[in-house]
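First the structure, in the form of structure tokens, and then the observations on it.
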Amino acid sequence: MNPIEPAELSAYLDGELSPRRAREVESALATDPALRAEYERLAALDASWRDAARAAGFDPPVAVEEAQLTPGAWPAWALAGLVALLVIRIVPKFIGPALAGAGLHAAALAVILAWAVVRLGREADDTYPATRGGP
């Protein structure tokens, strides 16, 4: 019989050992008090982690809205990603890597600036409800 490794005790605890190796571990646990103590320590830790995980299982207090997508329509992020992938793969072949790199950096900066403007606009709407329009 091969010596029992600490990782094998954990695998035995989780039921991940082959039937033959599980029988060997059981035999070793019955005859070796130190190994049995280590196994019991691991089992206690495992039980406490499982209890903590069960206790922490809660529903989030914030409701998450589902995306409103038209059936068959691609989300904007997917289209943007596809376009970006095509640009990154194709443009350098036509205008050279150095110029393409500068262009891609400029495009990334434009995307970041556009995102920032939209984000700041939303925050302004949230801060000043009267700017939204309507009643």
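Just so it is clear, the structure is predicted and the values come from calculations on it, not from any experiment.
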Problem - Distance, nearest 0.5 Å, that separates CG of Asp14 from CG of Asp46 - result: 6.0 Å
Practice task
Examine distances only and state if a side-chain atom of Glu8 and a backbone atom of Glu5 form a donor-acceptor pair shorter than 3.5 Å.
Solution key: yes
Practice task
Name all pairs fulfilling the ring pair (Phe, Tyr, Trp, His ring centres under 6.0 Å) condition that reach into residues 12-45, sequence neighbours left out, sorted by first residue then second.
Solution key: Tyr12-Tyr39
Practice task
Kindly indicate, with the supporting measurements, whether the criterion salt bridge (charged side-chain N to carboxylate O under 4.0 Å, His left out) is fulfilled by Arg23 and Glu26.
Solution key: CA-CA 5 Å; Arg23 284 190 300 274; Glu26 288 169 359; over 6 Å; no
Problem - Sole residue of Leu35, Asp32, Leu29 in side-chain contact (heavy atoms from CB on, under 4.5 Å) with Ile4 - result: Leu35
Exercise for the section: Identify whether the distance between the nearest side-chain nitrogen and carboxylate oxygen of Glu24 and Arg21 falls below 4.0 Å. Expected result: yes
Exercise for the section: Without swapping roles, check the side chain of Ser10 against the backbone of Pro6 for a donor-acceptor pair under 3.5 Å. Expected result: no
